[in-house]
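What follows is a single structure, written as structure tokens, with notes after it.
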Protein chains: 2
Amino acid sequence: MYAISEVAKLLSVSTHTLRYYEKEDIIIPNRNENKERVYTESHLNWLKFVMKLKETQMPIAQIREYARLFKEGEQTTQARLELLENHQISIQIQIENLLTTEKMLEDKIKAYKDFINNKI
Amino acid sequence: MYAISEVAKLLSVSTHTLRYYEKEDIIIPNRNENKERVYTESHLNWLKFVMKLKETQMPIAQIREYARLFKEGEQTTQARLELLENHQISIQIQIENLLTTEKMLEDKIKAYKDFINNKI
DNA sequence: ATAGTTGTTAGAGTTTACTCTAAGTCAAAT
DNA sequence: ATTTGACTTAGAGTAAACTCTAACAACTAT
């Protein structure tokens with residue numbers, strides 16, 4: 001059980017951002033008697049998952065959509081699967097692009113090094 | 001030799017964007033007698049390179065910096081090399097992150113499929 | 001002649017994802 | 001008693017990278 005400030009610290013986000021995600025229906029923590037947000041281990045895991053999706057360029061709107069489907073329950077399993085499969089494809093494309101550019105950079109870097117060392 | 005609209009079409013960007021990049025000192029095309037922008041093959045290659053950098057998350061400010069160094073000439077070779085090497089590292093980190101998340105997604109996708117097919 | 005393309009300056013508008021402020025309440029800790 | 005941390009609503013501000021508009025000039029093609 002974590003307070004908002006603890007979660008912020010653990011996941012390196014601001015409390016502002018956590019409240020913002022809540023407003024965007026991405027994480028809805030529990031509340032204690034004083035109406036303070038209480039995040040469980042499972043909220044934390046969900047947030048970590050969300051951050052992975054964000055890191056890999058999934059827009060907030062799509063993350064919200066996944067969260068919404070999740071809340072709707074079992075009948076959305078197929079839709080969630082499709083969403084994740086689409087994101088997997090997006091990730092694969094990103095990796096391809098990065099690899100291509102990395103190769104290009106490697107050549108350029110090599111050329112620069114040759115130039116600096118040997119003035120060919 | 002390409003007019004702005006041809007470049008826009010070839011590279012799938014708007015003429016607005018091309019003028020914006022020019023204002024940001026990222027590409028400065030030649031001009032003809034009528035002061036119209038004229039892009040050579042080499043401008044096109046530079047633009048393609050720029051788009052690769054953008055695709056791999058290099059901010060405009062850094063691309064501008066690289067372009068500036070380029071214009072300054074040979075004495076900035078070392079600086080340009082360092083900039084590209086830093087970006088290469090950034091690319092490698094991005095690839096690592098993507099691979100990690102892809103593996104995670106693959107597991108989740110598998111779990112969803114199992115659930116759907118066998119209701120385990 | 002007129003439609004189309006390009007040019008200019010200057011600035012306004014858009015989108016995404018935060019990020020922060022105000023202004024006030026409430027409960028726990030020192 | 002007061003500081004601290006949390007809460008609320010409502011909205012303003014920020015940064016990046018476009019994206020578009022206005023309003024008018026100038027050349028090219030039909």
Side-chain angles (χ1 to χ4, degrees), chain A residues 1-40 43-44 46-68 87 90 94 97 101, chain B residues 1-40 43-44 46-68 87 90 94 97 101:
Chain A
M1 307 289 247
Y2 305 90
I4 190 166
S5 59
E6 292 171 320
V7 176
K9 200 166 192 178
L10 280 169
L11 301 189
S12 305
V13 289
S14 68
T15 55
H16 285 304
T17 302
L18 289 171
R19 294 201 191 93
Y20 163 72
Y21 284 170
E22 188 170 342
K23 201 167 61 187
E24 294 292 315
D25 290 318
I26 286 174
I27 12 125
I28 316 289
N30 302 331
R31 298 289 177 133
N32 64 15
E33 337 76 55
N34 297 329
K35 308 207 172 175
E36 289 171 357
R37 290 169 180 81
V38 176
Y39 296 82
T40 66
H43 287 114
L44 227 64
W46 166 244
L47 271 170
K48 281 177 194 167
F49 179 58
V50 165
M51 288 169 82
K52 282 285 169 204
L53 295 179
K54 274 185 42 53
E55 256 176 36
T56 56
Q57 321 299 318
M58 188 185 281
I60 290 287
Q62 217 167 113
I63 297 175
R64 187 203 295 119
E65 169 70 1
Y66 185 75
R68 194 185 62 74
H87 189 55
S90 144
Q94 289 178 65
N97 283 338
T101 305
Chain B
M1 307 289 247
Y2 306 91
I4 191 166
S5 59
E6 293 172 319
V7 177
K9 201 164 190 181
L10 281 168
L11 302 189
S12 306
V13 289
S14 69
T15 56
H16 287 302
T17 302
L18 289 171
R19 294 200 191 92
Y20 163 72
Y21 284 172
E22 188 170 340
K23 202 167 61 187
E24 294 291 316
D25 289 319
I26 284 172
I27 12 122
I28 316 290
N30 301 332
R31 296 292 176 130
N32 65 14
E33 337 76 54
N34 298 330
K35 306 205 171 174
E36 289 170 359
R37 290 169 178 82
V38 175
Y39 297 82
T40 67
H43 287 114
L44 228 64
W46 167 243
L47 271 170
K48 282 178 193 164
F49 179 57
V50 164
M51 287 169 82
K52 282 284 168 203
L53 295 179
K54 273 185 41 53
E55 257 176 35
T56 55
Q57 321 298 322
M58 188 185 281
I60 290 288
Q62 217 166 113
I63 297 175
R64 188 204 294 119
E65 169 71 0
Y66 185 75
R68 194 185 61 73
H87 189 55
S90 144
Q94 289 178 65
N97 282 339
T101 305

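Values below: every heavy atom of this structure, side chains too, minus hydrogens, waters and symmetry copies. Sequence lines set the chain letters: A, B, ... in the order given, protein chains first and strands last, and positions in each chain run from 1.
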Under 4.0 Å, heavy atoms only, any strand: does B/Ser5 hit a base, just the sugar-phosphate, or nothing?
sugar-phosphate
Distance check: side-chain N/O of A/Arg37 vs OP1/OP2 of D/dC7, anything under 4.0 Å?
yes
Presence of A/Arg19 side-chain N/O under 4.0 Å of D/dC7 phosphate oxygens OP1/OP2
yes
Tell me whether the OP1 or OP2 atom of D/dA17 has a side-chain N or O from B/Tyr21 closer than 4.0 Å.
no
Between B/Leu18 (CG) and D/dC18 (C1'), how many Å, whole number?
12 Å
B/Glu55 CD to D/dC18 P, in whole Å, measures 12 Å
Using the 3.5 Å cut-off, write out each protein N or O paired with an N or O of nucleotides 13-16 of chain D and the distance between them.
none

Short N/O separations, protein against nucleotides 9-15 of chain C, under 3.5 angstrom:
none

Minimum heavy-atom distance A/Gln94-A/Thr56, with the two atoms named
NE2-O, 3.0 Å
ring-ring contact (aromatic ring centres under 6.0 Å, His included) partners for A/Phe49, two or more places apart
A/Trp46, A/Tyr66
Of B/Ala61 and A/Lys35, the one whose closest nucleotide on DNA chain D sits nearer the 5' end is A/Lys35
Side chain of B/His16 - closest among C/dT5, D/dT19, C/dG7
D/dT19
Would you kindly give the OH-to-C1' distance between B/Tyr39 and C/dG7, to the nearest whole Å?
12 Å
Could you go through residues 1-10 of chain A and list every donor-acceptor pair under 3.5 Å that involves a side-chain atom there, pairing it with any protein atom two or more places apart or in another chain?
from	atom 1	to	atom 2	distance (Å)
A/Tyr2	OH	A/Glu41	OE1	2.9
A/Tyr2	OH	A/Glu41	OE2	3.4
A/Glu6	OE1	A/Ala3	N	2.6

Can you tell which of D/dA6, D/dC18, C/dG7 lies closest to the side chain of B/Lys54?
D/dC18
Pair pattern of DNA chain C in dot-bracket, where unpaired bases get dots and | marks partners in another strand, Watson-Crick or G-U under 3.5 angstrom:
||||||||||||||||||||||||||||||
Looking only at side-chain N and O atoms, does B/Thr17 come under 4.0 Å of OP1 or OP2 in D/dA17?
no
Under-3.5 Å N/O pairs linking protein and nucleotides 26-30 of chain D:
from	atom 1	to	atom 2	distance (Å)
D/dC27	O3'	B/Asn34	OD1	3.3
D/dC27	O3'	B/Asn34	ND2	2.8
D/dT28	OP1	B/Asn34	ND2	3.1

Backbone N or O of B/Pro29 within a donor-acceptor pair of the B/Glu22 side chain at under 3.5 Å?
no
Where do A/Ile60 and A/Lys54 come nearest, in terms of heavy atoms and distance?
CD1-CD, 4.0 Å
Establish, with yes or no, whether the OP1 or OP2 oxygen of C/dT8 is under 4.0 angstrom from a side-chain nitrogen or oxygen of B/Arg31.
yes
